[in-house]
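Heads up: the structure comes next, in structure tokens.
Both ligands and their constituent atoms are indexed starting at 1 by order of listing. For the numbers below, each heavy atom of this structure counts, side chains included, while hydrogens, waters and symmetry mates do not. For clarity, every value in this text was computed on a predicted model and none was experimentally measured.
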Amino acid sequence: MIRLQKYIASCGAASRRAAEEMIASGRVSVNGKTVTEMGVSIDEYNDEVMLDGRVIVPEEKKVYILLSKPKGYVTTACDDHGRPTVLDLVDVPERVFPVGRLDLNTEGLLILTNDGEFANHLMHPRYECEKTYFARTAEPVDDSALEMLRKGVKIEGGFVTSPATVIRKDANKFSVRIREGKKRQVRKMFEAVGAKVLYLRRTAIGELRDTQLEKGKWRYLTREEVNYLMNYSSEK
Ligand code: URA
């Protein structure tokens with residue numbers, strides 16, 4: 001059992017004080033009956049509470065998860081081919097979803113949340129958070145090709161990629177930092193200069209990194225990390 005005003009507040013509809021005013025002014029009903037007196041308790045699991053004629057339900061606790069995605073997992077909530085999904089790796093009671101995507105065979109950092117607003121911020125093309133990848137190609141890539149990747153290359157559909165930061169680590173190993181998130185973008189960028197990516201791992205989302213997180217494991221983002229990502233996306 002829970003006090004009606006507390007229940008209304010937990011639905012995100014109002015502060016507790018404002019909820020009391022809503023009750024007093026006859027805007028709230030429980031199981032179809034308007035309640036105007038204070039101090040009424042309700043059964044939060046079985047009673048139906050309406051505000052201005054609309055059913056209200058408690059908001060789910062917002063959760064923010066960082067997963068180290070292994071190869072072989074899809075980032076969609078379910079897969080027609082029955083392949084395992086990243087949701088199989090994250091055992092939380094909340095209904096979380098991945099923010100953006102990683103290819104089946106791409107590894108690395110992936111955020112999952114049930115906060116739609118947060119996810120929209122991160123994925124909005126205007127604010128899109130930079131992502132860094134480690135890529136290993138089948139063949140060496142020369143400096144002139146890297147320069148093309150830095151300036152922008154034409155990939156499928158005539159899309160020209162924005163300037164990217166590309167750092168050579170070895171003849172066929174690179175760090176690539178991009179802003180956009182077109183499907184299979186890094187793979188297609190290398191294809192555009194004649195190289196095939198054999199291994200791809202996302203190593204950073206903005207400045208968010210975690211080299212300790214083991215493949216297939218997850219952890220909650222800290223409050224600072226959530227704030228950082230929120231601000232990162234909104235300040236660009
Ligand atoms: N670029 C790709 O090619 N694949 C990914 O999964 C992410 C970025």
Looking at atom 1 (N) of ligand 1, what's its closest protein heavy atom, distance included?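 Going atom by atom, the protein heavy atom closest to atom 1 (N) of ligand 1 ends up being V186 N, 3.1 Å.
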Atom 4 (N) of ligand 1 [closest protein heavy-atom partner, distance rounded to 0.1 Å]: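 Minimum-distance protein heavy atom for atom 4 (N) of ligand 1 reads D103 OD2, 2.7 Å.
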W218 and D91, any side-chain heavy atoms less than 4.5 Å apart: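 Side chain of D91 against side chain of W218, heavy atoms only: contact under 4.5 Å found.
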For ligand 1, which atoms have a heavy atom of Y133 less than 4.0 angstrom away?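 With Y133 as reference, the close atoms of ligand 1 come out as 7 (C), 8 (C).
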Atom indices of ligand 1 within 4.0 angstrom of Q185 heavy atoms, with elements: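 Reading through ligand 1 atom by atom, the close ones are 1 (N), 2 (C), 3 (O).
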Name all residues meeting the side-chain hydrogen bond (donor to acceptor under 3.5 Å, both in side chains) criterion together with D170; count only those two or more places apart in sequence or in a different chain, and write none if there are none.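 With neighbours one apart ignored, the set is empty.
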Sequence neighbours left out, what passes ring-ring contact (aromatic ring centres under 6.0 Å, His included) with F190? Give chain and number order.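 Counting only residues at least two positions away or on another chain, F190 forms a ring-ring contact (aromatic ring centres under 6.0 Å, His included) with F174.
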Heteroatom proximity flag, R187 to ligand 1, N/O under 3.5 Å: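 Checking ligand 1 against R187, an N or O pair does fall under 3.5 Å apart.
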Consider every N or O of L200 and every N or O of ligand 1, then say whether any pair is closer than 3.5 Å.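 Looking only at distances, the answer is no, because the N/O contact criterion of under 3.5 Å is not met.
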Could R16 and E20 be called an ion pair, given the rule that one side-chain N must be under 4.0 Å from one carboxylate O?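 So R16 does not pair with E20 through a salt bridge.
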Which atom pair, heavy atoms only, marks the closest approach of R177 to T132?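 Minimum heavy-atom contact is NH1-OG1, 2.9 Å.
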Can you tell which part of T106 has a heavy atom less than 4.0 Å from ligand 1: side chain, backbone, both or neither?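 The side chain, only.
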Side chain to side chain contact (heavy atoms under 4.5 Å, CB included) between I8 and I23: does it pass, once the steps are laid out? CA-CA 10 Å; I8 296 170; I23 296 169; 3.9 Å; yes
